[in-house]
Amino acid sequence: MTTITTDRLRDELLALLDGVGAHMTFEEAVADFPNDAINAFPSNVEYTPWHLLEHLRITQADILDYIVNRDYVEIEWPADYWPSRDAVATPDQFTATIEAFLSDRSALRDIVADPATDLFAVIPGTPAHTILREVRVVGDHNAYHTGEFAVLRQIMSTWPAGRAR
C-alpha cells in the first residue's frame, strides 16, 4: 500500500475507535450517568449498566494485551469477559471503569497512529491475526455495546432532562 492509502486507513481506524461518524461516542453515552442507576437491572436485562461498561473495558483490555504482549494468556469466554451477575460497583469504581476504558483506547489509538506500526503484519503467536483485524474487532465491539448502553439509558430514563434526541 502507498503511504497515502495507509494514512487514510489509519485515519479510518482511529475514527472507528473514537466512535465518530454514524455512532454515538462512548463519552456521550456515559456522560452524566446517575450514580443511583449504576447497579440497577433494567427490565428483562441480565446485567447492569456497570456490568456492560466493565465488559467493554475487559474486552478492549484483553484485545490490547493480545496485540502487545507476546506472553498473552487467553482468558475464558464468557466468564472472564463479564463481571459476575451479583457484582456491584461504587461510583468511584464506575468512574475507574470508564477511565481505564479510555486509557486502553488511547493506547490502541497510539498503536494505530504510529507510522512504524505495520497494520497488516501478523501478530506473532496468533492464527494469522493482524493489528488491523484486532482494531476492527474492538472498534465494532465498542460501537455495538456503546449503542446498547445508550438504549439501556433510554429504557431506564437515565438521560439528563432536556437532552436532545
Side-chain angles (χ1 to χ4, degrees), residues 1-33 38 47-84 87 89-153 163-164:
M1 290 187 97
T2 67
T3 301
I4 293 171
T5 305
T6 303
D7 289 347
R8 172 112 189 228
L9 177 60
R10 286 180 201 286
D11 290 344
E12 293 294 331
L13 289 172
L14 293 171
L16 176 64
L17 285 173
D18 290 341
V20 297
H23 306 108
M24 172 182 282
T25 67
F26 178 83
E27 291 87 342
E28 290 171 307
V30 301
D32 302 316
F33 194 82
I38 290 169
Y47 44 84
T48 69
W50 174 71
H51 289 155
L52 183 56
L53 294 184
E54 185 65 0
H55 167 67
L56 269 169
R57 182 200 66 76
I58 293 166
T59 303
Q60 182 176 255
D62 182 57
I63 292 173
L64 175 60
D65 190 36
Y66 184 71
I67 291 170
V68 301
N69 182 1
R70 295 299 39 97
D71 295 321
Y72 171 80
V73 176
E74 186 174 352
I75 62 177
E76 184 180 332
W77 171 258
D80 293 338
Y81 286 88
W82 287 88
S84 66
T90 65
D92 287 343
Q93 290 167 321
F94 185 81
T95 298
T97 292
I98 292 169
E99 289 172 352
F101 174 89
L102 293 172
S103 177
D104 287 342
R105 187 181 71 185
S106 179
L108 285 165
R109 289 186 96 269
D110 289 346
I111 291 167
V112 171
D114 184 352
T117 299
D118 183 348
L119 299 172
F120 300 98
V122 172
I123 300 167
T126 71
H129 294 168
T130 64
I131 291 172
L132 173 62
R133 176 196 185 272
E134 296 307 311
V135 170
R136 187 187 53 75
V137 167
V138 79
D140 287 346
H141 184 263
N142 289 352
Y144 175 85
H145 286 301
T146 297
E148 181 182 14
F149 188 83
V151 170
L152 285 181
R153 289 196 76 164
R163 178 184 172 273

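For Arg10 (side chain) and Ala113 (main-chain N/O), no donor-acceptor pair under 3.5 Å exists by modelled atom type. Within the 3.5 Å criterion, the main-chain N or O of Gln93 finds a donor-acceptor partner in the side chain of Thr97. Here the side chain of Arg153 pairs a donor or acceptor atom with the backbone of Ala29 at under 3.5 angstrom. Formation of a donor-acceptor pair under 3.5 Å by the Glu134 side chain with backbone atoms of His129 is not found in this model.
Heavy atoms only, all atoms of each residue included: Thr130 and Phe120 are closest at CG2-O, 3.3 Å. Smallest separation of non-hydrogen atoms from Thr25 and Asp18: CG2-O, 3.7 Å. When all heavy atoms of Val138 and Leu17 are compared, the closest pair comes out as CG1-CD2, 3.6 Å. Here the closest heavy-atom approach between residue His145 and residue Glu148 is recorded as ND1-OE1, 2.5 Å. Closest of all the heavy-atom pairs between Ala89 and Ile38 is O-CG2, 4.0 Å. Considering every non-hydrogen atom in both Leu13 and Leu132, the closest pair reads CD1-CD1, 3.6 Å.
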Subject >> Pair Thr146-Val30, side chain to side chain contact (heavy atoms under 4.5 Å, CB included): steps then yes or no >> reply: CA-CA 9 Å; Thr146 297; Val30 301; over 6 Å; no

**OP:** Kindly indicate, with the supporting measurements, whether the criterion side chain to side chain contact (heavy atoms under 4.5 Å, CB included) is fulfilled by Leu152 and Tyr47.
**Re:** CA-CA 10 Å; Leu152 285 181; Tyr47 44 84; 4.2 Å; yes

Original post:
Can you check side chain to side chain contact (heavy atoms under 4.5 Å, CB included) on Leu64 and Ile111, steps first, answer last?
Top reply: CA-CA 10 Å; Leu64 175 60; Ile111 291 167; 3.8 Å; yes

**OP:** Determine, step by step, whether Phe94 and Leu53 satisfy the side chain to side chain contact (heavy atoms under 4.5 Å, CB included) criterion, reporting the C-alpha distance in whole Å, the side-chain angles of both residues, the deciding distance to 0.1 Å, and the verdict.
**Re:** CA-CA 8 Å; Phe94 185 81; Leu53 294 184; 3.5 Å; yes

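Every residue two or more places apart in sequence or in another chain that forms a side chain to side chain contact (heavy atoms under 4.5 Å, CB included) with Tyr81 is listed here: His55, Ile58, Thr59, Asp62, Tyr72, Ile75, Trp77.
Note: Ile98 CD1 to Arg57 CZ = 12.0 Å, rounded to the nearest 0.5 Å. A distance of 8.0 Å separates CZ of Phe26 from CG of Asn142, quoted to the nearest 0.5 Å. Here the CD1 atom belonging to Ile63 is positioned 7.0 Å from the NE2 atom belonging to His141, to the nearest 0.5 angstrom. The CZ atom of Arg70 sits 9.0 Å away from atom CG of Asp65, with the distance rounded to the nearest 0.5 Å. Phe149 contributes atom CZ, which lies 13.0 Å from atom CD of Glu28 (distance to the nearest 0.5 angstrom).
With hydrogens and angles left out, the side-chain atoms of Glu54 and His51 include no donor and acceptor closer than 3.5 Å.
Residue Leu108 forms a side-chain contact (heavy atoms from CB on, under 4.5 Å) with just one option from Val68, Ile67, Ile131, and that option is Ile67.
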